[in-house]
Visitor: 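One structure is given below, represented as structure tokens, and several questions about it will come after.
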2 protein chains.
Amino acid sequence: MTAAEKHQAGRNPAAVPQPPAGRCPQPRGGGRLSGRAGIRDVAAAAGVSITTVSDALNGKGRLPDTTRSHVREVAERLGYRPSAAARTLRTGKSGLIGLTVTTYGEEPFTFTEFPYFAEMARAATSTALARGYALVILPAPARRGVAGLSGRPGHSGPSGPDVWSNVALDGTIVVDPSEKDPIVTELVRSGMPVVSDGKPGESLPVAAWVDNDHEAAVRRILDHLAESGARRIGLLTGTSTDTYTRVSTAAYLDWCRRVGQDPVYERYPAHDPCAGAVAADRLLARPDRPDAVYGLFDPNGTDLLAAARRYGLRVPEDLLLVCCSESASYATTAPPITTLSLKPGRIGTTVVQLLIDAIEGSSPPRPVQQVMPTELLVRTSSQRAGARTTVSPPRAPAAE
Amino acid sequence: MTAAEKHQAGRNPAAVPQPPAGRCPQPRGGGRLSGRAGIRDVAAAAGVSITTVSDALNGKGRLPDTTRSHVREVAERLGYRPSAAARTLRTGKSGLIGLTVTTYGEEPFTFTEFPYFAEMARAATSTALARGYALVILPAPARRGVAGLSGRPGHSGPSGPDVWSNVALDGTIVVDPSEKDPIVTELVRSGMPVVSDGKPGESLPVAAWVDNDHEAAVRRILDHLAESGARRIGLLTGTSTDTYTRVSTAAYLDWCRRVGQDPVYERYPAHDPCAGAVAADRLLARPDRPDAVYGLFDPNGTDLLAAARRYGLRVPEDLLLVCCSESASYATTAPPITTLSLKPGRIGTTVVQLLIDAIEGSSPPRPVQQVMPTELLVRTSSQRAGARTTVSPPRAPAAE
DNA sequence: TTGAAAGCGCTAACAC
DNA sequence: GTGTTAGCGCTTTCAA
């Protein structure tokens, strides 16, 4: 009996030694994917063992080229497609990496609409594919305990069944983890490589992180506004505890202390678009109204412009404006608004590279960190004199 | 010996009946994921069998609530996370759906930059998650034969290793399949549910498809331009054979025939941004220069505007302009440009719903089709008289 | 109501 | 150089 015949026979209950009792040996359970050929079918058709098939197709083992090409031919003829699930189970590698934003917890899944996230995710997807991985965007996992213990059948949150327990991830990218993010802790503890976009809190043992130097960026913007003649600079900031918000706000307060200005700021839940407009209004309605404002979030430029209009303030004559945004449309508002770009594309690329390095290599004991530059696009809204409109001129960071 | 003891013992080779020969029964191969608890560990700790654990966690079987909650408690205490890979292998469902654009074949993976695709993918991702699926964006599979036969080790194309063979998909969304797309055929033949964005060619046996009524949209735009005083309307179109390009171009030619105008159009490879600018230039350089142009692709508005400027043509006085775009920035160009929105968000949502229906239900014999409305945003560039700037007024389709 | 065991399709260790 | 076999972790069938 040749190997081929053996494998052929393996499909035929009658020709095989019976199991201990009179159990029925025909396929049950998950039930074979009816039409498709499996590795055994290929082996049988090619007259070799399944090992040889596996080796031939994966370029492993020490097979003569004749065998290899023969097997490949047969596989192709049968339309054989290896089962990714089986390979994943066997090797422990799925080739899938997750991307998630935990900051807003149970909030509905709207963050993909933010230009920053959209661009970051786009770059991350491309980079992952270029390295042979696919990227999966996932909502923040369910809050309590072992997320989605109940698997697909269960439902665990406003956004439907918990997907986390249904996808095998080789690693995860977490965007803007909060200070001591329980989700990140849980992920890391379960042995998953995690890389964060946004410097994580001290206690978060991520494998690596990427971030902008938000401190320097804020300093630079405030200096820029001061140079343009601002006497009292206000800040529109958020209530959440992610790095970006924390560091930027701290940098603002620090700058104020240094130059001897009283801080003038309003905080609002950044994920709520309406709250932004209200906060912008509040800021300009204050008795100690600032004559320049930096808004930490993308829509702040529009909101502040609208609020300024309501209060009869001209931009930039009465109010200087800068906001952090990835939207090109601020180049064409009236007046065009100066923005700080965090370069999310680069961040997405870098964060994926680091994650895959962590997955494939042995990760170093100390987390790898990488600081990415920002870009200040100076436009009309932040220049009182009709000065230059240069893009990110090389400039030393403000002296400390 | 209790069940718990048995399972405990199961980890101990000495206490278990030896296999036929003196084979070593200790775990080898894939090697257990060291730290993490498996279903057997939970069973042992809870003093039940793995069946009971499975049932308890999945809400199946007829277990008393006491058992169920006890098992859940133990599972949580051990930090048990079910293995998605194992579940997928067993059940045949991965909870993953693919999203791909085959049109441009081997082209580098830049299409995510198109606003249409970005918005469509965003909506698709959200919808998938809401229904308990995760969405994976994949590049067009390798051209020849059984895509990525060689799995992860192999490399098969300019964009790195072929990811297709490494992810288990329950179904796939194909954007803009070409007329008789071999990739779609291959996917469908392998038993994968496929839903297309863009009406597929007759011979493509997709489970469902979604599309705009491009014919009506083109007719409406041409009518609109004619009403604005256009005498000769040109078209900027593509060279690829996807539905959108084919149908739109055909509708244009048909309209020309009906009103007795000689067609004036230029074609270019739509994925090449430079080619667009050149084609726009060509169109306006023709001896039979049109006095109105409709551009089928997003960047055409900018390109045509630039070309018009080069030729000293004023918009809309000398040249009326409309393009198909999802970019809000056309609202603020000088002059603002009239655009047709295909509402990619709705399409993405719908296409996912249909795909999941196909995956979960028994798909009907005939493909489900769904036609989605478009939206014409009339702006300055297409109005010669200073008329209304209404958004998509209710309007009967042009009489045939 | 609970448990034993088969086996999803593949890879890797080892025997020949 | 090629084949046999265990087993990845789970779900499911069937027996008790």
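A note on names: the letters A, B, ... follow the listed sequences, proteins ahead of strands, and every chain is numbered from 1. All figures in this text were calculated on a predicted structure; none of them were measured in a lab.
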Visitor: Taking only side-chain nitrogens and oxygens of B:Thr67, does any of them come within less than 4.0 Å of OP1 or OP2 of C:dT2?
Guide: yes
Visitor: With no hydrogens and no angle check, is any side-chain donor or acceptor of A:Arg68 less than 3.5 Å from a backbone partner on A:Asp55?
Guide: yes
Visitor: Taking only the side-chain nitrogens and oxygens of B:Arg40, find out if one of them lies under 4.0 Å from OP1 or OP2 of D:dC8.
Guide: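 Looking at the OP1 and OP2 atoms of D:dC8, one of them is under 4.0 Å from a side-chain N or O of B:Arg40.
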Visitor: Does A:Ala140 offer a backbone N or O that forms a donor-acceptor pair with the side chain of A:Trp164 under 3.5 Å?
Guide: no
Visitor: Are OP1 or OP2 of D:dC8 and a side-chain N or O of A:Thr88 less than 4.0 angstrom apart?
Guide: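 No.
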Visitor: Between B:Thr52 and B:Ala86, which residue's closest nucleotide on DNA chain C lies nearer the 5′ terminus?
Guide: B:Thr52
Visitor: Return the angle between end axes of the helix from C:dT1-D:dA16 to C:dC16-D:dG1, with five pairs used per end and rounding to 10°.
Guide: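 Here the local axes at opposite ends form an angle of 40°.
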Visitor: Do any side-chain nitrogens or oxygens of B:Thr51 fall under 4.0 Å of OP1 or OP2 in C:dT2?
Guide: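 It does not, given that no N or O in the side chain of B:Thr51 lies less than 4.0 Å from OP1 or OP2 of C:dT2.
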Visitor: Taking only side-chain N and O atoms of B:Arg87, does any of them lie within less than 4.0 angstrom of OP1 or OP2 on D:dC10?
Guide: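 Looking at the OP1 and OP2 atoms of D:dC10, neither is under 4.0 Å from any side-chain N or O of B:Arg87.
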Visitor: Taking only side-chain nitrogens and oxygens of B:Ser83, does any of them come within less than 4.0 Å of OP1 or OP2 of D:dG9?
Guide: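 For D:dG9, OP1/OP2 do not have a side-chain N/O of B:Ser83 under 4.0 Å.
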Visitor: Once you round it to whole Å, what is the distance between P of D:dT5 and CD1 of A:Ile50?
Guide: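 Nearest whole value for this atom pair: 11 Å.
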Visitor: Do any N or O atoms from the side chain of B:Asn166 and from the backbone of B:Val163 form a donor-acceptor pair under 3.5 angstrom?
Guide: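 Checking the backbone N and O of B:Val163 against the side chain of B:Asn166, no donor-acceptor pair under 3.5 Å is found.
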